[in-house]
Peer 1: 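Encoded as structure tokens, here's the structure I'll be asking about.
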Amino acid sequence: QTITTSMSGASDGLPHLNINKSSGTVDVSGSIFSATSFTLASGTFTSTSGDFYVAGDFIISGGTFNHNSGTIHFSGGSNDDLDVDSSVTFNDVEFNKNVGSAQLDIGSGDTIVVEGDLTFAKGKINAGTIQAQGDVTVAATSNIGNGSALLQFTGTNNQTYTDAGGLEPNGDITINKSSGTVTLASDAEWDASNQDVTLTSGTLDVDGNNLDTANLTISAGSTMQNTTGGGLVSLSGNLDINGTAGSHVTIDTVDFDITGSADADHTVARDSDASAGTNVDASDGTNTDAGGNTGWTFAAGSDLWWVNYDADNDFFNANNWASSEGGSGGVRIPGAADNAYFSDTSSSDDVTLSADASVLYLEMKGSYAGTFDMATFDLSVGTGGVDLDCPGTLDVGTGTLSIDGDFLHDDIDWDGASGGAIELTGSSNTWDSTALGTISATDITFELKSGASYTRSSGNFSVSSPSTINGALSININA
């Protein structure tokens with residue numbers, strides 16, 4: 001059966017639509033369709049690909065609802081029910097009750113999945129769960145603030161959250177994405193009484209905006225970042241970061257003001273300032289200071305050996321790092337206060353960076369013959385410097401290896417794509433090499449920074465046998 005409509009707006013609708021077919025489909029033909037209320041008991045209903053307005057109750061007790069890539073508008077001025085027998089999937093959704101005090105009650109335990117865009121325009125949305133998989137907008141007219149529905153960001157799409165000035169959801173907020181990023185396009189005032197935010201999986205990017213809430217919980221494998229800089233995450237409650245040895249949490253350029261407690265496990269933190277409130281306790285020995293942090297308390301630096309226990313070549317997997325040569329993995333990922341060793345016991349195990357990294361000291365010696373692949377990322381080495389004397393390869397890629405201490409190396413292979421660089425950044429580095437080594441692939445630039453003094457322990461700088469240059473080598477003195 002087909003319902004053909006030439007309606008011009010929400011007010012032109014049917015008084016009630018009840019679909020109760022033992023078999024078959026009811027299709028809507030027309031760009032605008034509306035009904036005072038809607039019930040689907042059995043059969044299949046395929047909505048318009050345009051706009052479907054429902055001014056009253058929306059009930060699904062059986063059958064199949066096909067959204068047909070259209071938009072459903074929950075309108076009207078009465079208190080109504082949205083009861084869908086466990087779950088339903090819509091495309092775009094607008095909650096826009098035309099009386100601000102009107103509310104829409106989602107059935108207890110029901111989940112509304114919104115594959116497209118979700119707009120809170122007017123009216124209170126109570127109970128149930130809304131799973132947003134597209135962009136979420138709170139309109140300036142919104143008064144959803146007294147509603148208790150839970151809001152979850154799910155799916156794989158990159159999503160934005162925008163508050164245009166209205167009242168925001170009062171229910172708990174969860175980011176639970178198998179991939180993709182939720183980006184704040186405005187401040188997020190998720191700070192109603194007992195309202196919490198949970199980052200279960202995926203990435204939350206505050207992007208220079210403020211986020212206010214009570215408690216913030218971040219689970220293993222998740223990332224919280226701030227690509228723009230600025231903004232503040234203010235917590236009236238607690239911060240709990242719960243990474244694991246094989247699945248750390250990343251905190252990147254996010255600033256906190258925390259009133260309650262703040263604890264971190266297996267977290268890689270860089271450029272984060274928590275000094276405005278409670279400092280983050282990251283002192284259990286599992287956390288990584290990737291540099292630039294304030295208001296974080298880390299364990300003292302230590303010696304860490306590459307063992308590649310999980311055989312995935314991942315630098316940022318704590319299971320691949322041991323506290324002794326040849327020991328058991330699972331300690332922590334090296335950070336700015338740690339010494340990183342590649343030795344005989346890891347002689348054939350490559351290592352790859354998947355983000356920028358920092359260590360105090362880097363040593364590749366003995367029979368280590370693997371490849372340290374920096375890919376497109378930077379590696380900062382502190383005052384401990386670098387000591388390389390092994391048959392392995394250091395692949396700078398297009399990243400930058402910056403060294404604040406001495407740079408000591410014997411015959412080692414250097415590999416890198418055009419644009420890779422090695423920078424000596426200290427005020428008095430020693431570059432000591434018995435041979436330059438083998439420069440492979442395309443270009444590597446050695447940058448010797450202005451104001452520093454550079455010497456070789458013996459002789460003048462030279463390129464001699466067995467050194468080989470494949471591509472271009474640039475050496476910029478006092479660059």
Side-chain angles (χ1 to χ4, degrees), residues 223-226 229 241 243 245 248-256 262-275 279-307 314-323 329-342 351-364 372-388 394 396-397 399-408 421-429 447 449 452:
T223 296
M224 190 170 188
Q225 65 188 30
N226 185 358
I241 307 178
H248 67 276
V249 170
T250 298
I251 304 295
D252 193 348
T253 325
V254 179
D255 295 340
F256 296 96
D263 298 286
D265 295 314
H266 289 289
T267 300
V268 176
R270 62 174 60 86
D271 298 323
S272 175
D273 186 350
S275 62
N279 286 2
V280 180
D281 184 358
S283 62
D284 67 353
T286 69
N287 298 287
T288 300
D289 178 5
N293 298 298
T294 305
W296 288 68
T297 303
F298 294 94
S302 63
D303 296 337
L304 297 171
W305 273 263
W306 174 250
V307 293
D314 185 3
F315 182 97
F316 286 98
N317 181 350
N319 285 331
N320 293 334
W321 294 94
S323 59
V331 181
R332 71 168 178 269
I333 301 160
D338 299 312
N339 303 319
Y341 293 89
F342 296 81
V351 58
T352 301
L353 292 185
S354 56
D356 295 342
S358 298
V359 297
L360 179 65
Y361 170 68
L362 173 65
E363 179 179 291
M364 297 168 61
F372 191 133
D373 185 2
M374 290 171 50
T376 61
F377 302 101
D378 298 337
L379 174 62
S380 298
V381 182
T383 55
V386 174
D387 193 353
L388 310 174
L394 181 60
V396 179
T400 296
L401 170 62
S402 60
I403 306 168
D404 198 36
D406 291 340
F407 180 32
L408 313 177
I422 299 174
E423 298 181 351
L424 304 186
T425 59
S427 60
S428 181
N429 297 87
E447 296 279 1
K449 289 304 185 184

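Everything numeric here is computed off the predicted structure, so don't read it as measured data. All residue numbers refer to positions in the sequence shown, counting from 1.
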Peer 1: Heavy atoms, side chains only, cut-off 4.5 Å: are Phe372 and Leu362 in contact?
Peer 2: yes

Peer 1: Just to verify, which of Leu304, Leu360, Asp303 counts as forming a side-chain contact (heavy atoms from CB on, under 4.5 Å) with Pro334?
Peer 2: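 Single side-chain contact (heavy atoms from CB on, under 4.5 Å) partner of Pro334 among Leu304, Leu360, Asp303: Leu304.
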
Peer 1: Considering only heavy atoms from C-beta outward, does the side chain of Asp273 approach that of Trp296 to under 4.5 Å?
Peer 2: no

Peer 1: Please give me the minimum heavy-atom distance between Asp356 and Arg270, naming the atom from each residue.
Peer 2: O-NH2, 2.7 Å

Peer 1: Looking at every non-hydrogen atom in both residues, tell me the closest pair between Phe316 and Ser354 and how far apart they are.
Peer 2: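 Smallest heavy-atom distance, with atoms named: CD1-OG, 3.5 Å.
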
Peer 1: Would you call Asp338-Arg332 a salt bridge at under 4.0 Å N-O?
Peer 2: yes

Peer 1: If every non-hydrogen atom of Ile403 is compared with every non-hydrogen atom of Gly385, which pair is closest and at what distance?
Peer 2: CG2-CA, 4.0 Å

Peer 1: Would you call Ile251 and Asp271 a side-chain contact if the rule is heavy atoms closer than 4.5 Å?
Peer 2: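 No; the side chains remain at least 4.5 Å from each other.
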
Peer 1: Checking the side chain of Asn320 only, and the main-chain atoms of Val307 only, is there a donor and an acceptor separated by less than 3.5 Å?
Peer 2: no

Peer 1: What heavy-atom pair brings Ser272 and Val254 nearest, and what distance separates the two atoms?
Peer 2: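 Between these two residues, the closest heavy atoms are OG-O, 2.6 Å.
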
Peer 1: Closest heavy-atom contact between His266 and Gly330?
Peer 2: CE1-O, 4.3 Å

Peer 1: Quick one: pull up CG in Asn287 and OG1 in Thr267 and give me the separation to the nearest 0.5 Å.
Peer 2: 4.5 Å

Peer 1: Tell me, do Ile333 and His248 make a side-chain contact under 4.5 Å, heavy atoms counted?
Peer 2: yes

Peer 1: Hey, is the main chain of Asp263 close enough, under 3.5 Å, to the side chain of Asp281 for a donor-acceptor pair?
Peer 2: no

Peer 1: Determine, step by step, whether Thr250 and Asp252 satisfy the side chain to side chain donor-acceptor pair (under 3.5 Å) criterion, reporting the C-alpha distance in whole Å, the side-chain angles of both residues, the deciding distance to 0.1 Å, and the verdict.
Peer 2: CA-CA 6 Å; Thr250 298; Asp252 193 348; over 6 Å; no

Peer 1: Look at the side chain of Asn293 and the backbone N and O of Ala269, then say whether any donor-acceptor pair between them is shorter than 3.5 Å.
Peer 2: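 Confirmed, Asn293 side chain pairs with Ala269 backbone.
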
Peer 1: Within the structure provided, determine whether Phe377 and Thr400 are in side-chain contact (heavy-atom separation under 4.5 Å).
Peer 2: no

Peer 1: So which heavy atom on Val280 is nearest to which on Ala264, and how close?
Peer 2: CG1-CB, 4.0 Å

Peer 1: Evaluate the side-chain proximity of Leu394 to Leu401: yes if any heavy-atom separation is below 4.5 Å, no if none is.
Peer 2: yes

Peer 1: Determine whether Trp306 and Tyr341 make a side-chain contact, defined as any pair of heavy atoms from C-beta on separated by less than 4.5 Å.
Peer 2: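 The answer is no, as the side chains (C-beta and beyond) never meet within the 4.5 Å cut-off.
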
Peer 1: Val351 versus Asp373: any side-chain heavy-atom pair under 4.5 Å?
Peer 2: no

Peer 1: Counting the benzene-type ring for Trp, do Trp321 and Phe315 have ring centres under 6.0 Å apart?
Peer 2: yes

Peer 1: How about Asp284 and Thr286: does a side-chain donor come under 3.5 Å of a side-chain acceptor?
Peer 2: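 Side chains of Asp284 and Thr286: pair found under 3.5 Å.
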
